[in-house]
Amino acid sequence: MTHANALPTIEDVASAAERLAPVAVRTPLISSPRLDEITGGRVFLKPEPLQRTGSFKFRGAYNRISRIPLDQRAGGVVACSSGNHAQGVAAAATLLGMPSVIVMPKDAPAMKRARTIAFGGEVVEYDRETDDRDAIADVIARERGAVFVPPYDDFYIIAGQGTVGLEIAQDLAALGIAPDVVIANASGGGLVSGIALAVKDRFPEARVMTAEPAGFDDHARSFRSGGRERNNRATGSICDALLAATPGRLTFEISSRIVGEGLSATDEEVARAVAFAFEELKIVVEPGGAVALAAVLAGKIDLRDKVAAVVLSGGNVDAEMFARCLAVA
């Protein structure tokens, strides 16, 4: 494991795809006549709620944990997550015969906590406003001899998430279609930076963009300033999956070069997108998984006569929040 500061390439994404093939779902690209009608373009959706554990996070987690040498696996793994990375790590570790401990915020959705435990993870709670989750994880790692699995800023995590983009590129190429734009939700940036590696390799002219909750658009602001900007609050959006304070160091090194532009959507717009996915697509998408779709539905980008691929990144929403989103619409 000698990749602490290296950046993955398309070859590393391809290697991750090989490793994931026996265990991950190769989610389809789907389209919606209604969405094409609304946008005036041709929009393809990548539904990662259909992925193992209900989000794309399983891809990076399995790729990373499976690379741990056999003689370093006894202490298991530890991770910090509000839910989706937690479930991905717990499931991947269990598949590989390893214990896992997840440091999770107290305000994480109850369903994400319960599912993390069901996948085999042990949950340790912290307060987003007052506790240092990394310090808590560091103590656990030292005490147990566990390997820390970062949520996004890691060579193998980025490569694993990049398989989402690899599949998008392969499926569009098989249709003889080149995308004008690919939009992915961003928190720490592991997904969008990995996707960009794969998409830009096959389609160099395609634009890759982030989508973030309004008020938590640290990527968009960072692209404009050229440095890693921070959000000025840690809570306050229904998009619990997308509340990282700032873009990752490694992820931003990639995304600042080959992504470079971002969109945002308000909680109300996100709720409408969750409802749209339910009513029109028959897919359950959590708020944090629906921001890119929300930006498209709200007209934040002109897709007339364009081909777009939009990532629905996760579907782990509890019944109460899901009902709230449907009520807004």
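Taking hydrophobic clusters as Ile, Leu, Val, Met, Phe, Trp and Tyr residues chained together by side-chain heavy-atom distances below 4.5 Å, L281 does not share a cluster with I168. Residues M321 and V328 do not share a hydrophobic cluster, clusters being chains of Ile/Leu/Val/Met/Phe/Trp/Tyr side chains in contact below 4.5 Å.
For R73, the CZ atom sits in a packed shell: over 12 heavy atoms of surrounding residues, nucleotides or ligands are nearer than 6.0 Å. Counted within 6.0 Å of CD on E205, heavy atoms from surrounding residues, nucleotides or ligands total 12 or fewer; the atom is thus considered open.
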side-chain contact (heavy atoms from CB on, under 4.5 Å) evaluation trace for L175 with F44: CA-CA 12 Å; L175 293 170; F44 293 88; 4.1 Å; yes

Check against side-chain contact (heavy atoms from CB on, under 4.5 Å), I157 and V149: CA-CA 9 Å; I157 295 281; V149 181; 4.0 Å; yes

Let's go through E269 and R272 carefully: what are the C-alpha distance in whole Å and the side-chain angles of both, what is the deciding distance for salt bridge (Lys or Arg N to Asp or Glu O under 4.0 Å) to 0.1 Å, and is it a yes or a no? CA-CA 5 Å; E269 289 163 346; R272 289 202 190 98; 5.8 Å; no

Taking it one step at a time, do R34 and E279 satisfy salt bridge (Lys or Arg N to Asp or Glu O under 4.0 Å)? CA-CA 11 Å; R34 179 73 185 120; E279 292 162 3; over 6 Å; no

What do the steps show when you test T163 against R59 for side chain to side chain donor-acceptor pair (under 3.5 Å), and what is the final call? CA-CA 8 Å; T163 60; R59 297 171 182 264; 2.9 Å; yes

Trace of the side-chain contact (heavy atoms from CB on, under 4.5 Å) decision for R52 with L95: CA-CA 12 Å; R52 198 164 187 159; L95 275 173; 3.4 Å; yes

Trace of the side-chain contact (heavy atoms from CB on, under 4.5 Å) decision for F216 with R233: CA-CA 8 Å; F216 297 87; R233 55 201 172 115; 3.8 Å; yes

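A donor-acceptor contact shorter than 3.5 Å links the side chain of T246 to the backbone of E229. The backbone N or O of Q87 sits nowhere less than 3.5 Å from a side-chain atom of K112 that would complete a donor-acceptor pair. With hydrogens and angles ignored, the 3.5 Å screen pairs no side-chain donor or acceptor of S55 with any backbone N or O of G314. Panel note: side chain D180, backbone V307; a donor-acceptor pair is recorded below 3.5 Å. With hydrogens and angles ignored, the 3.5 Å screen pairs a side-chain donor or acceptor of R19 with a backbone N or O of S66. Between the side chain of D132 and the main chain of D134, a donor-acceptor pair closer than 3.5 Å is present. Remark: the backbone N or O of A90 is paired with a side-chain donor or acceptor of T94 at under 3.5 angstrom. Between the side chain of K57 and the backbone N or O of P151, at least one donor-acceptor pair lies under 3.5 Å. When atom types are taken as modelled, the side chain of D12 and the backbone of T9 share a donor-acceptor pair closer than 3.5 angstrom. In this structure, the side chain of N63 engages the main chain of Y156 through a donor-acceptor pair within 3.5 Å.
Between F322 and F278, the ring planes lie perpendicular to each other; the angle is over 60°, past the 30° to 60° tilted range.
Nearest heavy-atom pair, P213 versus V291, reported as atom, atom and distance to 0.1 Å: N-CG1, 4.0 Å. Here the closest heavy-atom approach between residue A159 and residue A16 is recorded as O-CB, 3.7 Å. Of all heavy-atom pairs spanning A292 and I183, the tightest one is CB-CG2, 3.7 Å. The nearest pair of heavy atoms linking S32 to F276 is OG-CZ, 4.2 Å. Taking every heavy atom of both residues into account, A275 and L326 meet most closely at CA-CD2, 3.6 Å. In this structure, L20 and G160 approach most closely via the heavy-atom pair CD1-O, 4.1 Å.
In this structure, the separation between CD1 on I195 and OG1 on T210 is 11.5 Å, given to the nearest 0.5 Å. Between E286 atom CD and I238 atom CD1 the span is 10.5 Å, to the nearest 0.5 Å. Considering CG of L197 and CD1 of I254, their distance stands at 4.5 Å, rounded to 0.5 Å. Taking CG of L303 as the reference point, atom OG1 of T39 lies at 5.5 Å (rounded to 0.5 Å). To the nearest 0.5 Å, atoms CZ (R113) and CG (N316) are separated by 15.5 Å. Here the CZ atom belonging to R221 is positioned 13.0 Å from the CZ atom belonging to R228, to the nearest 0.5 angstrom.
No hydrogens or angles considered: nothing links the side chains of E268 and T266 as a donor-acceptor pair under 3.5 Å.
Applying the side-chain hydrogen bond (donor to acceptor under 3.5 Å, both in side chains) test between R26 and each of Q170, E167, Q51 identifies Q170 as the sole match. Of the candidates T53, N185, T27, T27 is the only one forming a side-chain hydrogen bond (donor to acceptor under 3.5 Å, both in side chains) with E48.
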